[in-house]
Number of protein chains: 2
Amino acid sequence: MRADARRNYDKILATARIVFTERGTDSSLDEIAKRAGVGAGTLYRHFPTREALVDALMQDWTDRVAADADTAIATEAPARDMLLGWFENFVDHITLHRGAASKICAAMDDPASPMYRKCRVMGDANRRVIDHLDATGELRPGVDAANVMRLVSGVASVADTSRAELDVRPMLEVVVDGIVRA
Amino acid sequence: MRADARRNYDKILATARIVFTERGTDSSLDEIAKRAGVGAGTLYRHFPTREALVDALMQDWTDRVAADADTAIATEAPARDMLLGWFENFVDHITLHRGAASKICAAMDDPASPMYRKCRVMGDANRRVIDHLDATGELRPGVDAANVMRLVSGVASVADTSRAELDVRPMLEVVVDGIVRA
DNA sequence: ACCTGAACACCGTTCAAGT
DNA sequence: ACCTGAACACCGTTCAAGT
């Protein structure tokens, strides 16, 4: 990659991070290009779709999500608390930029999405947590990790979409109770 | 309302129902106007926002949702089955038009939304089911009807957003297990 | 090889003119 | 009182011209 291309790529990404934080992942791409000081075509060259741009920003937090999974597994806390903490962290991460959670919900089961691979990384992290729960005999029979992922992402999406400042904890508690062995 | 106004109103609604069924609730409003044979301004006069249009179509299914709640309460089936059936019906109704579920998630906690009132009707129906569960001593302590509503709408939204033809049943089973007394 | 920005297409929304 | 449709604004996307 040529030096100026690299510089533009980085500038676009940094600007997108700011704009997405301010106004969410549905902000005008034109505004990002303008604020980054590049032509619209340059943005499209580097990021052909909005999802590709969101995907590039996701890198930061897929790492953190993976680390959170390990922390959750390693904890001595009761299964219920462990799960609740893990879910809350997960929701916090994917709702960092408004609109991201629902894009993740859509990408999760769509291999054609640019965000699919990173969704898989997060999905794998979640599966490790659920597998661990299973290994300690605390997973309710019939619960599937992929559906847990969808469910928790759904909670994130609801909180993200809502105008009100929702507390996701009560919803996550129901999910947790539905997952741990009765 | 003048006769021609009434006729246009009905024609727009009927067309919107068709277009929303074909292409979801984010279809072009201009296309609806064109296919209904009215000017764009006429559509906006009757339905100032897209949500107002969706809201008008919701009338059909809020009635059905309310009826479903009564059926659920009256059934002799075990609490778990009763709840699962109720949730499945609810999801079916609000995912009738693609994109509707997430709009409902957003409107549910936003009194300023045109759809708010109808969300309340559905919320009340759900509360009656949850109250009934509580009355028979089968509700897990601490579970709140409003959060159940948000959770199930979230499941609907995930299914609606997803490209894959998701089966919502496994997700709803987790929710049900989290709601009924352990 | 990469960048620019004008040009195009599409859509929501408004409003002056018409009935 | 209501309707029409041209006009405007905004935004995503492309591409010819430039470096």
Side-chain angles (χ1 to χ4, degrees), chain A residues 1-57 97-100 102-103 106-107 110 112-115, chain B residues 1-57 97-100 102-103 106-107 110 112-115:
Chain A
M1 208 183 223
R2 223 167 67 178
D4 55 345
R6 167 98 262 160
R7 209 167 45 234
N8 280 334
Y9 181 94
D10 292 339
K11 192 77 180 66
I12 291 167
L13 219 51
T15 310
R17 200 191 317 274
I18 294 168
V19 175
F20 282 177
T21 303
E22 282 174 13
R23 289 209 259 282
T25 53
D26 290 316
S27 311
S28 159
L29 296 180
D30 198 54
E31 192 198 329
I32 293 173
K34 277 215 177 67
R35 278 172 63 166
V38 302
T42 304
L43 191 150
Y44 281 88
R45 156 175 290 267
H46 289 299
F47 307 100
T49 66
R50 165 176 257 112
E51 284 204 318
L53 190 52
V54 175
D55 184 63
L57 287 175
H97 302 303
R98 173 150 287 180
S102 68
K103 285 184 183 63
D110 176 18
S113 165
M115 294 164 62
Chain B
M1 208 181 221
R2 224 166 66 179
D4 55 346
R6 166 98 263 161
R7 209 168 44 236
N8 280 334
Y9 180 95
D10 292 340
K11 191 77 178 74
I12 291 166
L13 220 50
T15 309
R17 201 191 316 274
I18 294 168
V19 175
F20 282 177
T21 303
E22 283 174 11
R23 289 209 262 280
T25 53
D26 289 317
S27 311
S28 158
L29 297 180
D30 197 53
E31 191 197 331
I32 293 173
K34 279 216 175 67
R35 279 172 63 165
V38 301
T42 305
L43 191 149
Y44 281 89
R45 156 175 291 268
H46 290 299
F47 307 100
T49 66
R50 165 175 257 112
E51 285 205 319
L53 190 52
V54 175
D55 184 63
L57 287 174
H97 303 302
R98 173 149 289 179
S102 68
K103 284 184 182 63
D110 176 19
S113 165
M115 296 165 61

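These numbers come from the heavy atoms of this one structure, side chains and all, not from hydrogens, waters or symmetry mates. First the proteins, then the strands, lettered A, B, ... as listed; each starts at 1.
- Here B:His46 does not reach the OP1 or OP2 of D:dC2: none of its side-chain N or O atoms lies under 4.0 Å away.
- In the region residues 12-25 of chain A, proximity to DNA chain D at under 4.0 angstrom, judged on heavy atoms, holds for none of the residues.
- Scanning all heavy atoms of the two residues, the minimum distance from A:Arg17 to A:His97 falls at O-CE1, 3.8 Å.
- Close to D:dC2, at under 4.0 Å from its OP1 or OP2, lies no side-chain N or O of B:Asn8.
- Of all non-hydrogen atoms in B:Leu13 and B:Leu57, the two that sit nearest each other are O-CD2, 3.8 Å.
- Atom pair A:Leu43:CG and C:dC2:C1' shows a separation of 14 Å (rounding to whole Å applied).
- Among the nucleotides D:dC2, C:dC3, D:dT4, the one closest to any side-chain atom of B:Val38 is D:dT4.
- Interatomic distance, CG of B:Leu53 versus CG of B:Leu29, reported as 6.5 Å (0.5 Å rounding).
- Summarising the geometry of A:Ala33 relative to A:Ala40, their closest heavy-atom pair is CB-CA, 4.2 Å, with the distance given to 0.1 Å.
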A correct dot-bracket answer for DNA chain D, with pairs being Watson-Crick or G-U at under 3.5 Å, [ ] for crossing pairs and | for inter-strand pairs, is ||.|||||...|||||.||

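- Salt bridge status for A:Lys103 with A:Asp26: present, with a side-chain N to carboxylate O gap under 4.0 Å.
- Rounded to whole Å, atom P of C:dT4 lies 13 Å from atom NZ of A:Lys34.
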Got a list of protein N/O to nucleotides 11-14 of chain C N/O distances below 3.5 Å?
unit_1	atom_1	unit_2	atom_2	d
C:dG12	OP1	B:Leu29	N	3.4
C:dG12	OP1	B:Arg50	NH2	3.4
C:dG12	OP2	B:Ser28	OG	3.3
C:dG12	OP2	B:Leu29	N	2.9
C:dG12	OP2	B:Asp30	N	3.3
C:dT13	OP2	B:Tyr44	OH	3.0

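- Smallest separation of non-hydrogen atoms from B:Ala36 and B:Thr15: CB-OG1, 3.4 Å.
- The closest side-chain heavy-atom distance from A:His46 to A:Val38 is not below 4.5 Å.
- When the nucleotides D:dC2, C:dA1, D:dT4 are ranked by their closest atom to the side chain of B:Arg2, D:dC2 comes out on top.
- Between the CD1 atom of B:Ile32 and the C1' atom of D:dG5 there is a distance of 18 Å, given to the nearest Å.
- The CZ atom of B:Arg2 sits 9.5 Å away from the CG atom of B:Asn8 when rounded to the nearest 0.5 Å.
- Rounded to whole Å, atom C1' of C:dG18 lies 14 Å from atom CZ of B:Arg45.
- Interatomic distance, B:Glu51 CD to B:Asp110 CG, rounded to the nearest 0.5 Å: 7.5 Å.
- Taken from CZ in A:Arg7 to CE in A:Met1, the straight-line distance is 12.0 Å, to the nearest 0.5 Å.
- Nearest approach of A:Arg50 to A:Thr25, heavy atoms of both residues: NE-O, 2.7 Å.
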